[in-house]
Amino acid sequence: MESWKRKLRMGMVGGGQGAFMGGVHRLVAALDNEVELVAGAFSRDPENTRKTGEELYLDPSRCYGDYEEMARAEARLPDGERIDFVSIVTPNSMHFPVAKTFLQAGFHVACDKPMTYSADEARELVELVETTGRVFALTHNYTGNPLVREARRMFTAGEMGSVRKVMVEYLQDFLMYPHEKEGMKQAVWRTDPAQSGAGGALGDIGSHAVNLLEYITGEKIVELCADTSTFLPDRVLDEDANILVRLSGGGKGTVAISQVATGEENALRIKAYASDGAIVWDQEHPNHMGVYRYGRPKETWSRNASYVSDISSSISRVPSGHPEGYLEAFANVYDGFIEAVRRHLDGSPMARDEYVFPDVHDGLRGMLFIERAVESAKAGATWVPLE
């Protein structure tokens with residue numbers, strides 16, 4: 001059966017009871033009625049996996065004790081029953097081994113960010129994806145916002161001219177309090193180098209910030225200079241960072257990230273200034289974007305308005321004036337991935353330049369950013385190349 005005539009079958013690793021991202025991925029993957037969750041290894045705790053499977057009305061025989069058992073068992077099933085792809089929503093340290101196992105078993109992969117635990121793992125994952133030919137999506141969900149797609153179109157089409165300055169900030173106060181000492185699952189692994197990797201805030205939210213910068217402008221960060229801080233006692237990973245960046249086209253920028261910024265909730269904001277115009281976008285107010293031109297009144301563009309392109313209006317689900325945000329944007333990333341998987345299943349795989357979603361190469365850049373920022377900070381905020 002052609003894949004367009006059925007829902008895709010989804011498996012999940014991670015995302016059991018007490019997790020946040022698993023529920024989000026399950027919801028957004030199914031938002032457009034294209035996907036059905038059929039299998040999972042939701043936790044290292046078999047009882048958690050069993051209970052999660054019950055809550056999701058899954059066949060108990062397809063709720064597995066671990067991801068390796070799941071990959072083997074699903075690969076043995078007939079084509080009409082096995083999963084088409086797996087969604088990975090574990091702590092960072094498990095992203096690579098899970099992705100590697102499922103790619104080698106022949107499955108497509110959607111993975112939460114940052115992509116791996118280290119840049120070396122990321123490099124190996126790039127090789128695996130290229131060798132297996134499977135579709136790999138990295139779920140930087142903010143790239144699915146319609147006005148982010150519109151901004152990207154404006155820059156990549158040359159309408160804004162050459163990039164001169166980009167300012168990105170991602171500020172939260174999530175870790176103002178030592179939640180990890182009280183057992184909060186989301187704080188425990190994010191503050192643990194063994195699970196999180198070399199970066200704290202750098203990996204958790206900084207990876208989103210630099211991905212958004214490169215996604216919108218089409219520029220690559222070629223050098224950076226980072227100053228990081230850790231304020232709460234007993235923590236070893238960074239909680240705050242201020243980073244200068246130099247871009248491939250000659251422009252420059254700043255990236256400010258913090259998870260100890262008092263009063264901030266999820267303040268991801270970007271200002272991109274170029275020779276012929278500028279954009280300003282704030283994910284807490286995602287339905288509007290500032291568009292600036294020299295000598296002209298400042299404009300505020302609305303999502304799904306008559307003057308935006310089909311690139312952005314085609315992924316808006318409701319009329320302008322009706323708020324649309326986090327979940328819908330996340331679902332747009334999945335929709336692009338789902339289309340790529342369908343094309344692969346039907347024998348006409350997409351070329352990488354057709355992807356509208358971040359992929360394994362973007363994931364490698366994210367890991368290089370984290371490790372180079374840590375390197376720069378340890379050396380006293382010196383300039384280091386990103387590659």
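Source: prediction; values computed, not measured.
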Worked verdict on Glu34 versus Arg342 for side-chain contact (heavy atoms from CB on, under 4.5 Å)
CA-CA 10 Å; Glu34 295 268 358; Arg342 288 193 186 280; 2.7 Å; yes

Decide yes or no on side-chain contact (heavy atoms from CB on, under 4.5 Å) for Leu202 and Ile257, but give the supporting numbers first.
CA-CA 7 Å; Leu202 282 169; Ile257 60 174; 3.6 Å; yes

How far apart are the C-alpha atoms of Asn92 and Thr116, what are their side-chain angles, what is the distance that settles it, and do they pass the side-chain contact (heavy atoms from CB on, under 4.5 Å) test?
CA-CA 6 Å; Asn92 304 345; Thr116 54; over 6 Å; no

Stepwise, does the side-chain contact (heavy atoms from CB on, under 4.5 Å) test hold for Val129 with Glu127?
CA-CA 6 Å; Val129 171; Glu127 293 181 4; over 6 Å; no

Please tabulate, for the side chains in residues 244-252, all donor-acceptor contacts under 3.5 angstrom to protein atoms that are two or more places apart in sequence or on a different chain.
unit_1, atom_1, unit_2, atom_2, d
Arg246, NH1, Glu223, OE1, 3.2
Ser248, OG, Glu219, OE1, 3.0
Ser248, OG, Lys220, N, 3.0

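A salt bridge links Asp335 with Arg317: the closest approach of a Lys/Arg side-chain nitrogen to an acidic carboxylate oxygen falls below 4.0 angstrom. Note on Glu180 versus Arg235: salt bridge recorded, some NZ/NE/NH1/NH2 to OD/OE distance being below 4.0 Å. For Glu36 and Arg6, the salt-bridge test fails: no basic side-chain N is under 4.0 Å from an acidic carboxylate O.
The side chain to side chain contact (heavy atoms under 4.5 Å, CB included) search around Asp282 returns Arg269, Glu284, His285, not counting sequence neighbours. Partners of Lys113 under the salt bridge (charged side-chain N to carboxylate O under 4.0 Å, His left out) rule, at least two apart in sequence or in another chain, are Asp204. Remark: Trp189 engages no residue in a side chain to side chain donor-acceptor pair (under 3.5 Å) (not counting sequence neighbours). Applying the side chain to side chain contact (heavy atoms under 4.5 Å, CB included) rule to Asn141 yields the partners His208, Tyr326, Phe330; only residues at least two apart in sequence or on another chain are considered. Under the side chain to side chain contact (heavy atoms under 4.5 Å, CB included) criterion, Ala377 pairs with Thr228, not counting sequence neighbours.
When only modelled atom types and interatomic distance are considered, Glu55 and Gln17 share a side-chain donor-acceptor pair under 3.5 Å. For the residue pair Gln259 and Asp240, no side-chain donor N or O sits within less than 3.5 Å of a side-chain acceptor on the partner. Between the side chains of Asn48 and Thr52, a donor-acceptor pair is found at a separation under 3.5 Å. Side-chain atoms of Thr139 and Asp112 include a donor-acceptor pair closer than 3.5 Å. For Ser313 and Asn304, the side-chain atoms include no donor-acceptor pair closer than 3.5 Å. Looking at Trp281 and Gln283, their side chains never bring a donor and an acceptor atom within 3.5 Å of each other. Between the side chains of His344 and Glu339, no donor N or O sits under 3.5 Å from an acceptor N or O. Judged purely by distance below 3.5 Å, without hydrogens or angles, the side chains of Asp45 and Ser43 never pair a donor atom with an acceptor atom.
Figure legend: Arg152 and Tyr215 shown as a cation-pi pair, the cationic atom lying under 6.0 angstrom from the six-membered ring centre and within 45 degrees of its axis. A cation-pi arrangement is found for Lys298 relative to Tyr292, the charged atom lying closer than 6.0 Å to the ring centre and inside a 45° cone about the ring normal.
In this structure, CD1 on Ile338 lies 11.0 Å from NZ on Lys7, to the nearest 0.5 angstrom. Phe96 CZ to Asp120 CG: the interatomic distance, rounded to the nearest 0.5 Å, is 10.0 Å. Remark: Asn145 CG to Asn287 CG distance equals 8.0 Å, nearest 0.5 Å. Atom CG of Leu171 sits about 6.0 Å away from atom OG of Ser258, to the nearest 0.5 Å. Taking OG of Ser87 as the reference point, atom CE of Met10 lies at 4.0 Å (rounded to 0.5 Å).
Annotation: ring-ring contact (aromatic ring centres under 6.0 Å, His included) contacts involving residues 39-86, sequence neighbours excluded, comprise Phe85-Phe337. Within the structure, the salt bridge (charged side-chain N to carboxylate O under 4.0 Å, His left out) test picks out no pair touching residues 16-28 (sequence neighbours left out). Pairs engaging residues 352-363 under the salt bridge (charged side-chain N to carboxylate O under 4.0 Å, His left out) rule: Arg343-Glu354, Arg352-Asp359 [sequence neighbours left out]. Sorted by first and then second residue, the ring-ring contact (aromatic ring centres under 6.0 Å, His included) pairs involving residues 217-264 (not counting sequence neighbours) form an empty list. Sorted by first and then second residue, the salt bridge (charged side-chain N to carboxylate O under 4.0 Å, His left out) pairs involving residues 131-150 (not counting sequence neighbours) are Glu150-Arg153.
When the shell of 6.0 Å around CG of Asp310 is examined, it contains 12 or fewer heavy atoms from other residues, nucleotides or ligands. Within a 6.0 Å sphere centred on CD of Glu265, heavy atoms belonging to other residues, nucleotides or ligands number 12 at most.
Using a 4.5 Å heavy-atom cutoff, the side chains of Ile221 and Val210 are in contact. Put simply, the side chain of Leu212 does not reach to within 4.5 Å of the side chain of His140, judged on heavy atoms. Between Ile243 and Thr254 the shortest side-chain heavy-atom distance does not fall below 4.5 Å. Using a 4.5 Å cut-off on side-chain heavy atoms (C-beta onward), Glu54 and Leu56 make no contact. Inter-residue side-chain proximity for Phe369 and Pro114 is flagged as unmet; no heavy-atom pair is nearer than 4.5 Å. Within the 4.5 Å cutoff, side-chain heavy atoms of Met167 are placed close to those of Lys165. Side-chain atoms of Val280 and Met289, non-hydrogen and from C-beta on, never get closer than 4.5 Å to each other. For the pair Glu324 and Arg303, the minimum side-chain heavy-atom distance is below 4.5 Å.
Gln195 places no side-chain N or O within donor-acceptor distance of the main-chain N or O of Pro91, the cut-off being under 3.5 Å. In this structure, Arg62 contributes its side chain and Gly11 its backbone to no donor-acceptor pair below 3.5 Å. A donor-acceptor contact shorter than 3.5 Å links the side chain of Asp66 to the backbone of Glu68. A side-chain donor-acceptor contact under 3.5 Å links Arg82 to the backbone of Leu77.
Grouping the Ile, Leu, Val, Met, Phe, Trp and Tyr side chains by contacts below 4.5 angstrom, directly or via other members, places Phe174 apart from Ile205. Note on Val384: it clusters hydrophobically with Val255, by side-chain heavy-atom contacts below 4.5 Å among ILVMFWY residues.
Ring-centre distance between Tyr334 and His25: below the 6.0 Å cut-off.
Nearest heavy atom pair, residue Ser3 against residue Leu8, reads CB-CD2, 4.4 Å. Residues Ala41 and Met70 share a closest heavy-atom pair of N-SD, 3.6 Å.
Other members of the cluster containing Tyr177 do not exist, because no ILVMFWY side chain is joined to it at under 4.5 Å.
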